[in-house]
Each structure stands twice: as structure tokens, then as C-alpha cells.
Amino acid sequence: MNFIEELRWRGMIHDMMPGTEEQFAKEKTAAYIGFDPTSDSLGVGNLVQVMILLHLQQAGHKPFALVGGATGMVGDPSGKSDERNLLDAETLQHNQAGIEKQLRKFLNFDNGENAAEMVNNYDWFKEMSFLDFIRDVGKHISINYMLAKDSVKSRLETGMSFTEFSYQLVQGYDFYWLNTHKNCKVQLGGSDQWGNIVTGTELIRRKSGNEAYAVTTPLIKKADGTKFGKSASGNIFLDPKKTSPYKFYQFWLNATDEDAENYIKIFTLKPKTEINELIKEHQQSPHLRILQKELAKDITIRVHSVEDYEAALNASEILFKTGQEAIDGLKNLPADLFEAIFEGVPQSTVPKKEVENGISIIDLLVTTTHFLSSNGEARRALKENSISVNKNKVNEEDTITFSHVINDSYILLQRGKKNYFVVKVN
RNA sequence: GGGGAAAUACUCAAGCGGUCAACGAGGACAGACUGUAAAUCUGUUGGCUACGCCUUCGUAGGUUCGAAUCCUGCUUUCCCCA
């Protein structure tokens with residue numbers, strides 16, 4: 001199956017320039033995607049772009065991953081309703097390094113002919129003077145053309161700085177540069193990048209007369225129309241320090257049936273037959289959550305490691321069991337395994353003395369652990385019957401004593417089904 | 001530069017002298033039902049030493065027994081005219 005066909009059945013194509021498919025069919029083709037260093041870690045949203053590059057490489061083409069050291073200094077107005085704050089050079093540097101490191105994990109940079117390559121547009125912009133830029137680049141693209149872009153048009157009312165206005169030219173020049181120096185003929189990206197990409201192909205056509213192509217991916221949304229890649233506690237990042245592997249695993253496991261079907265196509269490399277098989281199995285017995293489990297497993301292993309996956313799976317199984325079985329499971333857990341499992345679950349430490357004296361449940365939830373932020377919230381939660389201690393529901397009058405401490409060292413608090421908190425006693 | 005309008009909790013949005021911790025909607029969280037799904041129903045959504053008290057309606061003052069509501073200065077935003 002060729003590159004474009006692969007993307008197509010996975011639902012990863014939003015738009016494509018005429019001739020793109022032929023270009024990929026004709027020869028080994030180089031293509032690039034840019035990553036903005038707005039954070040020091042990629043989020044799951046960026047994972048779509050990473051997967052595209054992976055498919056590209058697997059189809060025998062050559063991927064370029066561009067880190068936007070220069071474009072990051074300008075700020076892409078696409079999809080933004082407000083002017084962005086500029087990041088300082090130090091932050092950008094730090095972010096670039098983080099992103100580069102993550103990209104290296106996914107792509108093969110060392111397989112000869114179609115090895116992936118990492119480039120940073122700062123390298124070709126740092127030497128360029130403003131005058132050079134407006135003479136060599138600006139001269140080829142008309143204001144009228146730039147104004148017609150959605151990213152600009154939508155901001156004409158509310159205002160936009162010259163800096164952001166010029167963004168499309170800067171990105172356009174990237175494409176031109178890669179085209180002339182690296183023979184890169186295609187730019188890939190999210191659908192919000194279409195305007196910027198087309199400015200690039202236009203620039204290439206006018207400056208060097210070459211043909212250049214574009215493929216964009218659809219913006220991933222959840223079935224209910226909300227943004228993908230966020231959880232209650234914020235963005236889901238690939239960096240385990242920002243999003244623990246446990247949380248990361250849970251994020252995928254919590255996908256709705258509908259979403260899971262889409263995600264497994266987009267975020268895993270599993271072949272079509274296997275995916276169809278999984279979907280069928282899932283539909284036959286949806287309560288087994290096969291899709292979600294496979295999805296979460298595959299991605300967690302690829303982004304983190306097999307060990308991280310196993311730990312997350314282990315933790316999930318123990319945390320989500322119910323009844324006596326769950327309590328026994330907790331009690332039988334050796335201390336070291338416990339540590340590993342609950343890494344990533346919020347926790348705090350309480351002196352043994354205090355527990356021996358007995359703590360009211362409200363004090364425990366709020367004052368000693370800060371699991372909940374106010375007594376009022378704690379009372380509310382208790383009234384809602386949503387608080388459990390070691391998997392047992394508790395009410396407002398309950399007092400926590402040493403008899404609640406499991407294995408001499410911890411207490412497991414829970415709000416609702418999915419929010420856990422570990423109290424360590426020592 | 002001149003004139004007008006507006007700023008309310010996570011967001012939108014009521015309220016225009018007491019009955020306002022502030023209608024309503026969305027969101028979020030929780031409970032029931034389930035499959036850690038969806039849909040649905042229900043509850044909660046400022047704080048506290050809690051049938052009471054305290055702090056909140058851009059900001060600083062003022063009028064009043066009493067203000068989110070009236071007045072004044074300031075800040076910000078939007079609109080109209082130049």
C-alpha cells in the first residue's frame with residue numbers, strides 16, 4: 001500500500017494538492033513537517049504529525065522534521081484569535097531541545113537512503129538580514145495574496161501585529177529553503193496549516209519554478225466535538241515528567257468507543273486487517289473494551305516503554321477493581337510494587353502519630369493532604385457519597401485511624417471512580 | 001481629538017436601591033444505570049468554627065439605615081464621528 005492510500009484509509013487526509021499522489025508514486029520523495037517549540041514537550045495532538053512522518057518513512061520516502069527555532073520566535077496566527085506572546089530565546093532553546101529529543105524516539109535517523117533528518121529553521125534565518133528577506137522573499141508574494149488567508153482575514157477586525165502577519169512568509173521560506181537545499185517537495189501538516197503551506201508552494205513556484213505539494217491532516221476532535229488531547233488536569237504530554245505514564249495510559253483507555261475506533265487508526269501502526277478485526281471484536285463484546293485497551297497499550301509502549309505500560313496496566317487493574325477483591329488486591333500488594341504502581345498518582349505524607357490519634361475524614365481530605373481544596377468541597381463530596389477510603393465508601397462522621405493503614409504504610413483515597421490519592425504514613 | 005455604550009462567578013448571560021452568594025444556559029464534578037463507553041435521570045458548583053457569619057458583581061472613593069444596582073475619579077474594552 002502506498003503512502004497516500006495508507007493515510008487515506010486511516011482517515012488522516014484532510015486536503016491534498018493536485019499531483020501530490022502522483023509525486024509520491026513516481027519516486028522516493030522528501031517531505032517535511034514543522035513543529036513549533038511552544039512547549040518543551042510534544043502533546044498527544046502533535047502525535048498525529050509524528051505518525052504521518054512515520055508512515056512516510058515506512059513507505060520508503062524521506063522525512064524531515066523541522067523544529068521551528070525561527071518561526072517560534074514569530075508566532076503562528078493560524079487558529080489564534082489573539083496576538084501571541086513572544087517566547088524568550090532561552091525558553092525557545094530549551095523547548096527545541098525537548099522536542100528534538102522526543103522526535104528522535106519515533107523516527108529512524110539512521111537507515112541510509114530514507115533516514116529521517118532533523119532541521120531547524122533558525123539555522124537559515126539567523127544569518128538573514130531583514131532587507132534580504134523583504135527583497136528576496138517578500139517581493140514574490142503580494143499583500144493581497146497574504147490578506148486573503150483565513151489566518152489573516154479572521155484577524156483583520158481584532159487586529160494583528162506585522163510580526164504575525166509576516167509569519168506565513170517565514171514559514172513559506174522554510175519550504176523554499178528545504179526545496180532548494182534538500183530537494184524536499186512536500187509539506188505535511190495539520191489542516192490549519194494549509195494557508196501557510198500554500199504560501200510556501202507559491203513561493204517555490206515563483207522563485208525557482210519548481211513544483212511543490214501539500215497534504216494536510218484533519219483536526220482531531222472527540223466525538224462530542226470538544227478538543228482532543230486535553231484532560232481535566234490539562235494537556236496530555238509525551239514527557240513522562242509532565243504526564244505520568246499511568247495518566248497517559250488512562251487517557252487513551254478512557255476514550256469513547258467512537259473515538260477509539262478513529263484513534264486506533266491514526267495513532268497506531270497496526271495494519272488494516274488487524275484493526276478491522278479489533279473493531280469487530282469490540283462491537284461484539286463492547287464491555288471488554290478491547291479497542292481502548294489495545295490502543296492504550298500500543299501507544300504507551302511506543303511513547304514510553306513496555307515497563308511503563310505494564311506498571312500502568314497493573315495500577316489500573318488494581319485501582320479499578322471493585323468490592324472485596326479490590327481490597328484484598330490492595331492488601332496483598334508488596335510495598336515496592338505499590339511504589340511503582342502509584343508513581344504518578346498524587347500523594348502526600350502524614351506522620352504515623354497523627355494517624356494513630358485518629359483524623360477526621362474531612363481533615364484528612366483537606367488539611368493534611370490537600371486532596372480537596374476546602375472543607376466545603378469535602379462535605380459536599382461526602383454528601384454525594386463519592387469519597388472512598390481503601391475502596392470503601394465513607395461518610396462525614398468517619399474517623400481515620402491506624403486500622404485503615406494498609407501494609408503499615410499507606411491509605412488510598414478516592415473521589416469518584418477515577419481520582420485517586422495516596423497518603424503515605426511514616 | 002469629539003460623542004456614546006459596557007465591565008457580574010470557569011464561560012456566556014440575567015439582575016438596575018432592600019427578599020442577592022446573585023435567575024438561566026453551557027461547562028465541570030459527583031450519584032444512579034453501565035463497560036473506567038455513550039445516552040438518560042438526579043445532585044453539586046465562593047469561604048467558614050455553618051438554621052448563623054465572612055468575602056465577592058473592573059478599580060478607588062461617595063450618597064444611603066441599606067448598593068451588583070445611584071453619584072464621582074481611574075483603568076480597560078467596544079461603537080460612532082473627525
Side-chain angles (χ1 to χ4, degrees), chain A residues 81-83 154-160 221-236 243-264 267 278-297 299-300 309 311-323 325-326 329-330 341-342 344-346 359-363 365-368 370-389 391-397 412-421:
Chain A
S81 53
D82 296 307
E83 183 81 15
S154 63
R155 288 275 294 278
L156 286 179
E157 288 287 314
T158 50
M160 154 183 240
K221 274 195 192 162
K222 293 196 270 181
D224 59 11
T226 54
K227 252 192 210 148
F228 165 78
K230 288 207 177 209
S231 76
S233 44
N235 278 324
I236 302 294
T243 302
S244 71
Y246 167 75
K247 264 204 186 144
F248 186 85
Y249 177 79
Q250 281 289 327
F251 169 78
W252 298 103
L253 197 68
N254 269 306
T256 65
D257 291 1
E258 213 178 337
D259 288 334
E261 269 189 40
N262 295 327
Y263 295 171
I264 202 160
F267 296 103
L278 285 169
I279 291 176
K280 207 160 81 192
E281 267 182 67
H282 183 267
Q283 281 165 351
Q284 273 159 13
S285 39
H287 60 282
L288 295 177
R289 307 173 65 79
I290 292 170
L291 271 181
Q292 283 91 337
K293 283 179 186 164
E294 279 299 315
L295 174 72
K297 175 182 173 183
I299 304 179
T300 306
Y309 158 69
L313 178 70
N314 222 330
S316 301
E317 276 178 354
I318 288 168
L319 290 175
F320 285 94
K321 251 181 215 150
T322 47
E325 203 187 346
L330 274 178
I341 286 174
F342 288 99
V345 173
I359 310 176
S360 80
I361 183 66
I362 289 183
D363 283 345
L365 288 168
V366 184
T367 328
T368 40
H370 300 289
F371 179 31
L372 303 183
S373 57
S374 76
N375 290 2
E377 192 186 347
R379 287 205 182 85
R380 220 178 290 134
L382 287 161
K383 212 180 293 160
E384 284 165 347
N385 201 24
S386 70
I387 302 293
S388 305
V389 174
K391 293 271 172 186
N392 286 318
K393 295 284 184 190
V394 291
N395 61 44
E396 201 172 330
E397 286 81 46
L412 183 67
L413 301 179
Q414 193 177 351
R415 160 132 202 228
K417 259 183 249 180
K418 300 176 190 174
N419 301 308
Y420 289 91
F421 192 96

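A, B, ... follow the sequence lines: proteins, then strands. Residue 1 opens every chain.
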If I take atom [atom1] in residue [X] and atom [atom2] in nucleotide [N], what distance separates them, rounded to the nearest angstrom?
{"X": "A:His287", "N": "B:C33", "atom1": "NE2", "atom2": "P", "answer": "18 Å"}
{"X": "A:Asn262", "N": "B:A38", "atom1": "CG", "atom2": "C1'", "answer": "14 Å"}
{"X": "A:Asn419", "N": "B:A28", "atom1": "CG", "atom2": "P", "answer": "14 Å"}
{"X": "A:Leu288", "N": "B:G35", "atom1": "CG", "atom2": "P", "answer": "10 Å"}
{"X": "A:Glu294", "N": "B:U36", "atom1": "CD", "atom2": "C1'", "answer": "17 Å"}
{"X": "A:Gln250", "N": "B:G35", "atom1": "CD", "atom2": "C1'", "answer": "14 Å"}
{"X": "A:Leu372", "N": "B:A30", "atom1": "CG", "atom2": "P", "answer": "11 Å"}
{"X": "A:His282", "N": "B:G35", "atom1": "NE2", "atom2": "P", "answer": "12 Å"}

- Query: Would one find a side-chain N or O of A:Lys418 under 4.0 angstrom from OP1 or OP2 of B:A37?
  - Reply: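 Yes.
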- Item | Side-chain donor-acceptor pair present, A:Asn254, A:Lys418, cut-off under 3.5 Å |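 There is such a pair (donor and acceptor under 3.5 Å, judged by atom type) between the side chains of A:Asn254 and A:Lys418.
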- Would you say the side chains of A:Gln292 and A:Asp257 form a donor-acceptor pair under 3.5 Å?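 Per modelled atom types, A:Gln292 and A:Asp257 side chains form a pair under 3.5 Å.
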Which value, in whole Å, describes the distance between the [atom1] atoms of nucleotides [N] and [M]?
{"N": "B:A5", "M": "B:A37", "atom1": "C1'", "result": "48 Å"}
{"N": "B:A7", "M": "B:U56", "atom1": "C1'", "result": "16 Å"}
{"N": "B:G15", "M": "B:C70", "atom1": "C1'", "result": "15 Å"}
{"N": "B:C51", "M": "B:A39", "atom1": "P", "result": "40 Å"}
{"N": "B:U45", "M": "B:G2", "atom1": "C1'", "result": "46 Å"}
{"N": "B:C29", "M": "B:G73", "atom1": "C1'", "result": "43 Å"}
{"N": "B:A68", "M": "B:A6", "atom1": "C1'", "result": "15 Å"}
{"N": "B:G66", "M": "B:C74", "atom1": "C1'", "result": "26 Å"}

Please round to the nearest 0.5 Å and tell me the distance separating atom [atom1] of [X] and atom [atom2] of [Y].
{"X": "A:Tyr246", "Y": "A:Thr300", "atom1": "OH", "atom2": "OG1", "result": "12.0 Å"}
{"X": "A:Phe320", "Y": "A:Leu253", "atom1": "CZ", "atom2": "CG", "result": "7.5 Å"}
{"X": "A:Asn392", "Y": "A:Leu412", "atom1": "CG", "atom2": "CG", "result": "10.5 Å"}
{"X": "A:Ile362", "Y": "A:Glu377", "atom1": "CD1", "atom2": "CD", "result": "11.5 Å"}

Answer with base, sugar-phosphate or nothing: what part of the nucleic acid does [X] contact at a heavy-atom distance below 4.0 Å?
{"X": "A:Glu258", "value": "nothing"}
{"X": "A:Asn385", "value": "sugar-phosphate"}
{"X": "A:Asp259", "value": "nothing"}
{"X": "A:Lys393", "value": "sugar-phosphate"}

- Query: Backbone N or O of A:Arg415 within a donor-acceptor pair of the A:Ser386 side chain at under 3.5 Å?
  - Reply: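 Between the backbone of A:Arg415 and the side chain of A:Ser386 there is no qualifying donor-acceptor contact (under 3.5 Å).
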- Query: When you measure from the side chain of A:Asp259 to the backbone N and O of A:Ala223, does any donor-acceptor pair fall under 3.5 Å?
  - Reply: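 Yes, the answer is positive, given that a donor and an acceptor are paired below the 3.5 Å cut-off.
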- Message: Each nucleotide in nucleotides 44-49 of chain B should get exactly one letter: B, S or -. Can you fill that in based on protein heavy atoms under 4.0 Å?
- Response: SS-SSS
- Quick one: the side chain of A:Lys417 and the base of B:U34, do they pair up donor-acceptor inside 3.5 Å?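 Result: at least one qualifying N/O pair found.
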- Any residue meeting side chain to side chain contact (heavy atoms under 4.5 Å, CB included) with A:Thr367, in chain and number order, not counting sequence neighbours: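 By the side chain to side chain contact (heavy atoms under 4.5 Å, CB included) rule, A:Thr367 matches A:Asp363.
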- A:Phe228 and A:Phe267: CA distance, side-chain angles, deciding distance, ring pair (Phe, Tyr, Trp, His ring centres under 6.0 Å) verdict: CA-CA 13 Å; A:Phe228 165 78; A:Phe267 296 103; 5.4 Å; yes
- Message: Taking salt bridge (charged side-chain N to carboxylate O under 4.0 Å, His left out) as the definition, give me every residue that meets it alongside A:Glu317, ordered by chain and number, with sequence neighbours left out.
- Response: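 Residues passing salt bridge (charged side-chain N to carboxylate O under 4.0 Å, His left out) with A:Glu317: none at all.
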- Pairs counted as Watson-Crick or G-U wobble with both distances under 3.5 Å: what dot-bracket string results for RNA chain B, using | for bases tied to another strand? ((((((((.[[[..)..(.....]]]((((((.......))))))(((...)))...[[[[[..)....]]]]]))))))).
- Please tell me which of the listed nucleotides, B:G35, B:C29, B:U36, lies nearest to the side chain of A:Pro286?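 Per side-chain heavy atoms of A:Pro286, the pick is B:G35.
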- Message: If you count heavy atoms of other groups shown closer than 6.0 angstrom to CD of A:Glu396, is the number above 12?
- Response: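 Yes - once you tally the heavy atoms of other residues, nucleotides and ligands closer than 6.0 Å, there are more than 12.
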- Query: What residues in residues 313-320 of chain A put a non-hydrogen atom under 4.0 Å from any atom of RNA chain B?
  - Reply: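 Within residues 313-320 of chain A, the residues near RNA chain B are A:Ser316, A:Phe320.
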- Query: Does A:Phe421 have any ring-ring contact (aromatic ring centres under 6.0 Å, His included) partners at least two apart in sequence or in another chain, and if so, which?
  - Reply: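 Counting only residues at least two positions away or on another chain, A:Phe421 forms a ring-ring contact (aromatic ring centres under 6.0 Å, His included) with A:Phe371.
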- Toward the 5' end of RNA chain B, by each residue's nearest nucleotide, A:Ile387 or A:Gln292: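 Looking at RNA chain B, the more 5' nearest nucleotide goes with A:Ile387.
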